[in-house]
**Student:** 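I have a structure I would like to understand better, so I am pasting it below and will then ask my questions one at a time.
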There are 2 protein chains.
Amino acid sequence: MTETRWLDAVEMAAWHAFLFAYHRLEKRIEEQLKADAGLTHPQYEILVKLSSLPDHQMRMTELARGLVISKSALTYQIGQLEKAGLVRRTDCPGDDRGVLAVLTDEGMECLRRIAPAHVEVVRKYLIDRITRDELITLTRAMGKANQAMQATG
Amino acid sequence: MTETRWLDAVEMAAWHAFLFAYHRLEKRIEEQLKADAGLTHPQYEILVKLSSLPDHQMRMTELARGLVISKSALTYQIGQLEKAGLVRRTDCPGDDRGVLAVLTDEGMECLRRIAPAHVEVVRKYLIDRITRDELITLTRAMGKANQAMQATG
DNA sequence: CTACTGTTGTTCAGATTTGAACAATCCCTT
DNA sequence: AAGGGATTGTTCAAATCTGAACAACAGTAG
């Protein structure tokens, strides 16, 4: 057991600012999406992810991994989105185990309608508040962290 | 209704990297805390917050605001921590409505025991991965966002 | 073809979160 | 002192998340 390398003041400040900013931003985003579209942030992210694909569809497991949520949470949320008519399930060609989540036209339309207000929040509280340099540095720093977390889930 | 200012490629990259990194880091932290201490991240943050105060105590509402969780979630979690003997409730002197959450000696001891492993995770996947400059820029950027979210909750 | 191992998506029970409602209390004005 | 509006912490039902268990299927070696 090595001696603990505690965080110094600068490291602590960064970590706390990061956590605090995320939590507050998440809350704003949730409020906006709920009020304007009756969706949760995870649900919105599912729609965004699907819409970014050429065929607007993706395997359940891959989708869960991409959004960093559990498989069972995704099963639940896809069920909700299916009820709302924004997503539907399809058999996966070539793998009878598989299920494809497919964005419906209605889902795409819904996304088009609500995305502007969402982007507005992201801009207002983060993107438009920081400089281009800070934006790039943020991306690089987060990228390094993501790289470190690449392996094993 | 103004024309929507969509995110350009750089902005999109920053936003996605930020969200993705947070989610994955959160998952790692949850896994570590659950395995090593049987605590959730919110519970751990309550202990940290209380331990950072001179008298190791804080009003419920202020605590909820500081941790950016709902009052009812805090009521629940303080209940859990009370069961575990890590926190106790006390009447608030000068305000009969108030309740103080107080870190117990056992809670402080628990924190001392588990903090090293937690810090290790934060270092391994974020702090130690980025340069000092990136750390400072990250703090400044998050600070600006937090400032923008200052008002109204 | 059969056995074996890994993957897939769902289900289930339990834990946690949210927001609204609520009673109790505070504070300010009159 | 008394009313009116705000704040405090809790409760409750509903929604959501987690992790383990599970059945179905895929892929591989024998």
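Worth knowing before you read on, the calculation uses all heavy atoms, side chains too, and leaves out hydrogens, waters and symmetry mates. Labels below follow one simple rule: chain letters A, B, ... track the order of the sequence lines, proteins then strands, and each chain is numbered from 1.
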**Student:** Below the 4.0 Å mark, does C:dG19 have OP1 or OP2 next to a side-chain nitrogen or oxygen of B:S70?
**Tutor:** no
**Student:** Would you call the rings of A:H41 and A:H118 parallel, tilted or perpendicular, taking 30° and 60° as the class edges?
**Tutor:**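 Correct class here is tilted.
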**Student:** How do A:Q43 and B:Y76 order along DNA chain D: which one's closest nucleotide is nearer the 5' end?
**Tutor:**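 With A:Q43 and B:Y76 compared, the 5'-side residue is B:Y76.
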**Student:** Any idea which of C:dG9, C:dC12, D:dG9 is nearest the A:S72 side chain?
**Tutor:**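 Closest of the options to the side chain of A:S72: C:dC12.
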**Student:** Please compare B:E31 and B:M60 by the position of their nearest nucleotide in DNA chain D and report the one closer to 5'.
**Tutor:**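 Comparing both residues, the 5'-ward one is B:M60.
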**Student:** Base, sugar-phosphate alone, or nothing: which one does A:Q77 contact when heavy atoms must sit under 4.0 Å apart?
**Tutor:**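 Sugar-phosphate, no base atom in range.
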**Student:** Please work out which of the three classes, parallel, tilted or perpendicular, describes the rings of A:F18 and B:F18, given edges at 30° and 60°.
**Tutor:**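 B:F18 vs A:F18 ring planes: perpendicular.
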**Student:** Could you list the donor-acceptor pairs under 3.5 angstrom formed by side chains in residues 102-109 of chain A, with sequence neighbours left out?
**Tutor:**
residue, atom, partner, partner atom, Å
A:T104, OG1, A:G85, O, 2.7
A:T104, OG1, A:L86, O, 3.1
A:T104, OG1, A:E106, N, 3.4
A:T104, OG1, A:G107, N, 2.9

**Student:** Measuring from the side chain of A:P42 (C-beta onward, heavy atoms only), which nucleotide among C:dT10, D:dT18, D:dC17 has the closest atom?
**Tutor:**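 Between C:dT10, D:dT18, D:dC17, the one nearest the side chain of A:P42 would be D:dC17.
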**Student:** Would you mind telling me which of B:E82, B:E45, B:Q43 makes a side chain to side chain donor-acceptor pair (under 3.5 Å) with B:Q77?
**Tutor:**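 Going through B:E82, B:E45, B:Q43 one by one, the side chain to side chain donor-acceptor pair (under 3.5 Å) with B:Q77 is satisfied by B:Q43 alone.
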**Student:** Has B:R28 got a side-chain atom pairing as donor or acceptor with B:Y125's backbone, closer than 3.5 angstrom?
**Tutor:** no
**Student:** Provide a list of protein-nucleic acid N or O atom pairs under 3.5 angstrom, restricted to nucleotides 26-29 of chain C.
**Tutor:**
residue, atom, partner, partner atom, Å
C:dC26, OP1, B:D96, N, 2.8

**Student:** Got a sec? Which of residues 80-89 of chain A come in under 4.0 Å of DNA chain C, heavy atoms?
**Tutor:** A:R89
**Student:** Determine the minimum heavy-atom distance between B:M142 and A:A21, stating which atoms define it.
**Tutor:** SD-CB, 3.7 Å
**Student:** What is the minimum heavy-atom distance between A:D36 and A:A117, and which atoms define it?
**Tutor:**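 Smallest heavy-atom distance, with atoms named: OD2-CB, 3.7 Å.
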**Student:** Could you pick out which residue, A:E30 or A:E62, lies toward the 5' side of DNA chain C when each is mapped onto its nearest nucleotide?
**Tutor:**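 This one resolves to A:E62.
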**Student:** Within the 4.5 Å heavy-atom criterion, are A:V99 and A:I78 side-chain neighbours or not?
**Tutor:**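 A:V99 vs A:I78: side chains apart.
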